Amino acid sequence: PGLVKLLYGLGFVGLGEEPDLIARLATTRGLSMLAGLATVGLVAWVHPAAGLALATHTLHAKYSVQGYLDSLPLFWMSLAMIVGWRTRTQADSRGQILAAACWGAALAGKWLHGLPGLVLFAVIPTWRGRLQLAVGALLSMWILDPGMWMNPLDRITEMMSAHQAYAGAL
């Protein structure tokens with residue numbers, strides 16, 4: 001996932017030219033933990049019991065503090081779903097633009113975390129609104145994943161086949 005790795009790399013900028021392993025792990029895990037905590041806060045804002053459930057869920061804790069690639073896309077997809085739901089009847093609103101951008105960021109971060117965004121198509125009442133959301137998300141995904149800039153179709157194929165190859169190797 002190009003976007004998450006890029007953000008982790010940006011976190012290393014302040015560490016000097018040759019940061020040691022401990023500094024790199026602390027930076028990566030710190031960014032991942034902040035995204036995990038932000039997701040818990042976002043979910044708790046919508047429903048406190050759901051936030052508590054997410055905060056105490058062991059897989060969320062593991063994926064948030066070990067510097068995996070999941071925490072940032074999970075936050076963006078959660079934000080996209082909440083904003084998309086709240087602004088579902090306002091196709092031209094800033095909220096729908098934000099929802100599309102966050103959905104695209106989740107797709108650029110790790111495409112599997114973008115799949116829940118398909119639910120938004122079922123709740124947005126107009127075809128125009130659905131089209132705007134889809135175009136906005138795809139454009140955001142393309143902009144935020146540098147690997148997509150030169151050949152987007154090959155990049156999408158590569159991302160999807162990586163998961164199949166990983167599952168086949170288990």
Side-chain angles (χ1 to χ4, degrees), residues 1-7 31-66 68-148 152-167:
L3 179 59
V4 176
K5 291 177 183 176
L6 181 67
L7 292 174
L31 286 170
S32 185
M33 182 185 67
L34 286 174
L37 289 172
T39 303
V40 167
L42 183 66
V43 171
W45 176 64
V46 173
H47 197 286
L52 179 63
L54 185 60
T56 58
H57 196 282
T58 56
L59 281 177
H60 180 70
K62 176 185 176 75
Y63 279 74
S64 293
V65 298
Q66 289 193 344
Y68 288 161
L69 302 173
D70 298 88
S71 199
L72 289 162
L74 175 63
F75 171 73
W76 292 317
M77 192 67 249
S78 299
L79 185 59
M81 294 297 286
I82 290 167
V83 172
W85 172 258
R86 291 182 181 232
T87 60
R88 66 190 177 277
T89 60
Q90 305 157 8
D92 294 327
S93 71
R94 290 182 183 161
Q96 282 295 308
I97 294 169
L98 176 62
C102 289
W103 187 14
L107 288 164
K110 192 169 183 182
W111 74 271
L112 280 175
H113 285 286
L115 291 180
L118 296 173
V119 171
L120 291 174
F121 288 130
V123 299
I124 294 177
T126 65
W127 284 104
R128 183 172 171 258
R130 293 176 192 147
L131 181 64
Q132 287 176 332
L133 182 72
V135 168
L138 291 173
L139 183 62
S140 175
M141 177 186 173
W142 181 75
I143 290 170
L144 293 172
D145 186 355
M148 299 270 283
L153 294 177
D154 284 349
R155 175 73 175 137
I156 291 169
T157 303
E158 176 188 333
M159 288 188 304
M160 293 193 179
S161 62
H163 286 281
Q164 290 174 344
Y166 178 76

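The structure presented is a predicted model; accordingly, all values stated were derived computationally and were not measured. Note that these values count all heavy atoms, side chains included, but never hydrogens, waters or copies made by symmetry.
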**OP:** Can you tell me which residue pairs pass the side-chain hydrogen bond (donor to acceptor under 3.5 Å, both in side chains) test with a partner in residues 37-57, sequence neighbours excluded?
**Re:** none
Subject >> For Asp154, side-chain hydrogen bond (donor to acceptor under 3.5 Å, both in side chains) partners two or more places apart >> reply: Asn151
**OP:** Starting at OG of Ser78, measure out to NE2 of His113 and round the result to the nearest 0.5 Å.
**Re:** 9.5 Å
Original post:
Roughly how far, to the nearest 0.5 Å, is CG of Leu54 from CG of Leu42?
Top reply: 10.0 Å
Original post:
Which residue pairs satisfy the side-chain hydrogen bond (donor to acceptor under 3.5 Å, both in side chains) criterion with at least one member in residues 117-135, sequence neighbours excluded?
Top reply: Asp92-Arg128, Asp92-Gln132
Original post:
If we only count heavy atoms from C-beta on, is the Val119 to Met81 side-chain gap below 4.5 Å?
Top reply: yes
Original post:
How far does CG of Leu79 sit from SG of Cys102, to the nearest 0.5 angstrom?
Top reply: 4.0 Å
Please report, to 0.1 Å, the donor-acceptor pairs under 3.5 Å made by any side chain of residues 84-91, with sequence neighbours excluded.
residue, atom, partner, partner atom, Å
Thr87, OG1, Val83, O, 2.8
Thr87, OG1, Gln96, NE2, 2.8
Arg88, NH1, Trp85, O, 2.5

Original post:
Excluding sequence neighbours, so at least two apart, what forms side chain to side chain contact (heavy atoms under 4.5 Å, CB included) with Ala105?
Top reply: Leu3, Trp76, Leu144
**OP:** State, yes or no, whether a side-chain contact exists between Met141 and Ile156 at a heavy-atom distance under 4.5 Å.
**Re:** yes
Subject >> Non-hydrogen atoms of Pro146 and Leu6 that approach each other most closely >> reply: CG-CD2, 4.3 Å
Original post:
Taking atom CG of Leu138 and atom CG of Leu133, what is their separation to the nearest 0.5 Å?
Top reply: 9.5 Å
**OP:** Let me see the working for Lys110 and Val4 under side chain to side chain contact (heavy atoms under 4.5 Å, CB included), right down to the final yes or no.
**Re:** CA-CA 8 Å; Lys110 192 169 183 182; Val4 176; 5.8 Å; no
**OP:** Would you check if the side chain of Ser71 reaches a backbone N or O of Ser64 as a donor-acceptor pair within less than 3.5 Å?
**Re:** no
Subject >> Spatial distance of atom OG (Ser32) from atom CG (Leu37) [nearest 0.5 Å] >> reply: 9.5 Å
**OP:** Provide the closest heavy-atom pair for Val65 versus Met33 in the form atom of the first, atom of the second, distance.
**Re:** CG1-CG, 4.1 Å
Subject >> Residue pair Gly51 / Val43: nearest heavy atoms and the distance that separates them >> reply: N-CG1, 3.6 Å
Original post:
Are the side chain of Thr157 and the backbone of Leu153 linked by a donor-acceptor contact shorter than 3.5 Å?
Top reply: yes
**OP:** Enter the distance from Leu7:CG to Leu69:CG here, rounded to the nearest 0.5 Å.
**Re:** 11.0 Å
**OP:** Quick one: which residue pairs count as a salt bridge (charged side-chain N to carboxylate O under 4.0 Å, His left out) with a foot in residues 44-66, not counting sequence neighbours?
**Re:** none
Subject >> Derivation of the side chain to side chain contact (heavy atoms under 4.5 Å, CB included) call for Leu72 and Phe75 >> reply: CA-CA 5 Å; Leu72 289 162; Phe75 171 73; 5.8 Å; no
